[in-house]
Amino acid sequence: MKTRRTGMISGGVILVLAVFFIMYFSFKNKEDRKPPVLPSAIQMNVFSGENPPFNFSFEYPRAWRVMFRNYEGDYDMVEILNAGVENSATVPGFFITKSSLREAGTLEVLMDSWIKEENRYRGFALASRQEIQIAGQEALQAEYRYKTKLPLRTAGAPDTVIKKKHIVLIREDYSIQITFAGDEEQFNFLQPIFDHVLATFRFADQA
């Protein structure tokens with residue numbers, strides 16, 4: 001009986017120690033997985049557009065390429081692309097569109113419409129959808145992924161996981177939609193830059 005009881009006590013101690021070490025290393029691994037930070041060496045430019053009349057500003061990497069697009073009065077877009085990426089089928093970057101609200105709309109309606117379009121891609125999976133604040137404005141944000149074969153129109157092209165973060169906000173009689181995109185590795189690596197763009201986003205009357 002004494003031997004059996006001693007064995008039971010020893011087994012209990014081992015179990016407690018095992019749980020302790022599992023909890024310790026689980027916590028330590030979470031601590032080790034700290035989100036990446038924006039390198040101080042990255043030089044930033046301030047975007048401020050007048051033609052077409054983009055009434056907002058934000059900071060973006062100086063080395064990235066800026067392009068403007070006008071879709072016949074439907075909406076105006078500014079693209080900020082990391083054109084320096086080599087040997088990659090995808091060019092990471094972000095896109096900001098300004099559109100007139102021709103009909104009464106809400107953040108939910110705008111986001112639902114966007115998600116419906118993106119859902120056509122193979123393997124579409126919504127990771128999160130939440131309310132956030134951008135430049136003091138209420139906004140809605142969704143993060144998701146899907147698969148596509150890249151390079152396009154290439155026989156035997158492999159599957160590439162694309163990750164996107166899409167944000168919608170409404171101000172006065174127009175909407176602003178911000179999309180960050182890249183393959184999975186690019187998206188994760190460039191997350192601090194995306195966060196910086198949002199943190200520095202301001203409307204002209206807030207300057």
Side-chain angles (χ1 to χ4, degrees), residues 44-62 64-83 90-122 124-146 148 150 152 162-183 186-187 190-207:
M44 295 288 179
N45 277 350
V46 176
F47 170 86
S48 182
E50 296 180 357
N51 187 21
F54 293 117
N55 61 333
F56 50 77
S57 64
F58 55 86
E59 293 184 4
Y60 67 95
R62 183 174 299 176
W64 289 26
R65 184 179 66 201
V66 180
M67 297 179 63
F68 299 96
R69 298 184 185 275
N70 178 272
Y71 290 87
E72 299 181 354
D74 188 17
Y75 62 86
D76 296 303
M77 174 189 290
V78 56
E79 300 180 0
I80 314 289
L81 303 175
N82 183 3
T90 60
V91 179
F94 55 97
F95 315 83
I96 303 177
T97 63
K98 180 181 177 182
S99 309
S100 296
L101 289 175
R102 297 176 179 175
E103 300 178 1
T106 66
L107 295 177
E108 292 288 346
V109 169
L110 291 175
M111 183 62 79
D112 287 345
S113 177
W114 178 270
I115 293 299
K116 182 179 179 179
E117 287 294 317
E118 295 290 273
N119 194 41
R120 71 185 187 277
Y121 290 110
R122 184 166 48 87
F124 177 90
L126 183 65
S128 65
R129 178 168 170 156
Q130 60 184 330
E131 296 178 357
I132 61 172
Q133 290 274 326
I134 301 294
Q137 301 281 137
E138 291 185 2
L140 197 58
Q141 172 181 283
E143 185 173 325
Y144 57 94
R145 69 178 65 197
Y146 57 79
T148 188
L150 293 176
L152 295 173
I162 300 296
K163 291 185 70 175
K164 290 185 179 180
K165 180 178 289 186
H166 187 70
I167 297 162
V168 297
L169 62 91
I170 295 174
R171 201 166 195 265
E172 300 172 352
D173 60 346
Y174 61 88
S175 69
I176 298 291
Q177 303 204 34
I178 308 171
T179 308
F180 301 133
D183 65 32
Q186 293 166 344
F187 184 96
L190 297 174
Q191 184 67 54
I193 290 178
F194 298 162
D195 291 342
H196 186 79
V197 170
L198 296 182
T200 58
F201 192 93
R202 295 290 184 274
F203 289 99
D205 58 9
Q206 295 176 321

For this session: Would you sort out whether Tyr121 and Tyr144 count as a side-chain contact (heavy atoms from CB on, under 4.5 Å), showing the intermediate values?
Result: CA-CA 11 Å; Tyr121 290 110; Tyr144 57 94; over 6 Å; no

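- To the nearest 0.5 Å, atoms CG (Asp205) and CZ (Phe56) are separated by 13.0 Å.
- Remark: side-chain polar atoms of Gln206 are paired, donor with acceptor, to backbone N or O of Ala135 under 3.5 angstrom.
- Inter-residue side-chain proximity for Phe54 and Val78 is flagged as met; some heavy-atom pair is nearer than 4.5 Å.
- Looking only at side-chain heavy atoms (C-beta outward), Phe201 and Ile178 come within less than 4.5 Å of each other.
- The CD1 atom of Ile170 sits 9.0 Å away from the CD atom of Gln177 when rounded to the nearest 0.5 Å.
- Contact between Glu143 and Phe187 at its shortest, heavy atoms only, is OE2-CE2, 3.8 Å.
- Here the shortest heavy-atom pairing between Phe95 and Glu79 reads CD2-CG, 3.5 Å.
- Taking the ring centre of Tyr174 as origin, the terminal cationic atom of Lys98 falls inside the region bounded by 6.0 Å and 45° from the ring axis.
- Other residues, nucleotides and ligands contribute at most 12 non-hydrogen atoms within 6.0 Å of the CD atom of Glu131.
- Note: Phe47 and Tyr60 have perpendicular aromatic rings, judged against thresholds of 30 and 60 degrees for the angle between ring planes.
- Smallest separation of non-hydrogen atoms from Asp183 and Gln186: OD1-N, 2.8 Å.
- Scanning all heavy atoms of the two residues, the minimum distance from Glu138 to Leu107 falls at O-CD1, 3.8 Å.
- Residues Ile80 and Val197 have side chains not in contact (no heavy-atom distance under 4.5 Å, counting atoms from C-beta outward).
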Problem set entry | Test side-chain contact (heavy atoms from CB on, under 4.5 Å) applied to Leu190 and Phe180, step by step | CA-CA 10 Å; Leu190 297 174; Phe180 301 133; over 6 Å; no

For this session: Decide yes or no on side-chain contact (heavy atoms from CB on, under 4.5 Å) for Leu150 and Ile162, but give the supporting numbers first.
Result: CA-CA 10 Å; Leu150 293 176; Ile162 300 296; 4.1 Å; yes

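- The minimum heavy-atom distance linking Lys164 with Thr179 is given by the pair CD-CG2, 4.3 Å.
- With values rounded to the nearest 0.5 angstrom, Met77 atom CE is found 11.0 Å from Asn70 atom CG.
- Between Glu108 and Arg129 a salt bridge is recorded (basic side-chain N to carboxylate O distance below 4.0 Å).
- In terms of heavy atoms, Leu140 sits closest to Gln130 at CD1-O, 3.5 Å.
- Residues Phe94 and Phe58 place their aromatic rings such that the two centres sit under 6.0 Å apart.
- To the nearest 0.5 angstrom, Leu110 atom CG is 13.5 Å from Ile167 atom CD1.
- Here the straight-line distance linking atom OG1 of Thr200 with atom CE of Met44 works out to 7.5 Å at 0.5 Å rounding.
- Taken to the nearest 0.5 Å, the CZ atom of Phe194 stands 8.5 Å off from the NZ atom of Lys165.
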